Amino acid sequence: MKDARTDLKGMSLGELEAFFRTRGKERYRARQVSRWIYQKVAEEFSAMTDLSRGFREELVATCRISSPAAEIMELSRDGTEKFLFRLEDGEAVESVLIPEENRRTLCVSTQAGCALSCVFCATGASGFRRNMTSAEIIHQVCFAARRLAERGERLTNVVFMGMGEPLENVPEVSRAIDILLSPHGFRLAGKRVTVSTAGIVPAMRDLADRYPVSFAVSLNAASDEVRSRLMPVDRKYPLREVVAAMRGIPLRSGRKVTAEYVLLSGVNDSPADARSLAHLLSGTRVKVNLISFNPHPHGNFRSPSPASLDRFRDVLMSAGIQTITRERRGADIRAACGQLTGASKDQRGRGKTGSRGREEPKNP
Ligand code: SF4
């Protein structure tokens, strides 16, 4: 039977304040509860020892902190962990925790399935089922934070690039971002939260105006002719509009928008494609993540050869565009949903970067 108590997980500080106000509680109660849920990742009100016993009992009677079980957990030899959450209605979503030298990045899902049907994507092939709630999105973060805390580590980055298109679920993703950035939530800096999108132009503008988060935009082609075959959403938001929206994102000094580009052999990986991409992106503060396509049972594409990947990168770099190919992570556990599948499996097996440092995985 469905639990009728109010779920406090997924509520932003403002929502918690409003909730407690209507129950005649002091404002600071919201801050206390927010810190317990998101900073100390408590799952029981009984753990909230600085609340009076009476208040705790009241919370237990009327509220809950949802905590869907992680059904499958796999650990890669490189330390990458994949979690599968069974949601209350039986839907399953995945997140992936990627440890690197000085950061711990969690890739979260925002939808069960995806309606955008990008032809190279395993999630797209499974169709759309529903949007996730902010509670379900944030639970993935709580789960990873708790797991890291058990070994004395801290979550440093969150990327919205798991299953689903985050900008098709803006209200719930916005609530989740509020919680991630809040000083009474996860206290992450905006640059450590990345929203990865297939290029939903109005929502990109809206979110960029409201939050100082990073953006990664899946381009995957330098012409609408090719892109619309790979990503049907291109017919609604063509490249010209997507790149204009990228240019319109307010950026602090030194920051760039990320362009994701999945290389598909014989489709979008020629030097001419690279030159067109360089031309398309000229004058844009952008870095390009090149992702070698990872074959999956739902697609007929092939990975590019290491040589064509190198050629593509060299063309972009000689045009002055920062270009990164990523280290293969979690390959032995298929550490990725439809989007990460490509991102996590560089066929060369080694990261290579046209700049200093390494990049967190991003959305194809
Ligand atoms: S690549 Fe992203 S937007 Fe495209 S179908 Fe997959 S999950 Fe959806």
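Counting starts at 1 for both ligands and their atoms, in listed order. Just so it is clear, the structure is predicted and the values come from calculations on it, not from any experiment. Quick note: numbers below take in every heavy atom, side chains included, and nothing from hydrogens, waters or symmetry partners. Heads up: numbering here begins at 1 and tracks the sequence.
- For ligand 1 and Gly164, the ligand atoms under 4.0 Å from any heavy atom of the residue are 7 (S).
- Residue contact annotation: Cys118 places no N/O/S atom under 2.8 Å from atom 8 (Fe) of ligand 1.
- Heavy-atom contacts of Cys114 reach the following atoms of ligand 1: 3 (S), 5 (S), 7 (S), 8 (Fe) (cutoff under 4.0 Å).
- Of all atoms in ligand 1, listed by their number and element, those nearer than 4.0 Å to a heavy atom of Leu116 are 3 (S).
- Residue pairs meeting the side chain to side chain donor-acceptor pair (under 3.5 Å) criterion with at least one partner in residues 44-55, sequence neighbours excluded, are Trp36-Asp50.
- Applying the 4.0 Å criterion to heavy atoms of Ser117 picks out, from ligand 1, the atoms 5 (S).
- When all heavy atoms of Met48 and Ile65 are compared, the pair lying nearest together is CE-CD1, 3.6 Å.
- Evaluation of the side chain to side chain donor-acceptor pair (under 3.5 Å) test over residues 231-242, restricted to residues two or more places apart or in two chains, returns Arg227-Asp234.
- For the atom pair CZ (Arg23) and CD (Glu26), the distance works out to 14.5 Å, reported to the nearest 0.5 Å.
- Put simply, the side chain of Leu116 does not reach to within 4.5 Å of the side chain of Met231, judged on heavy atoms.
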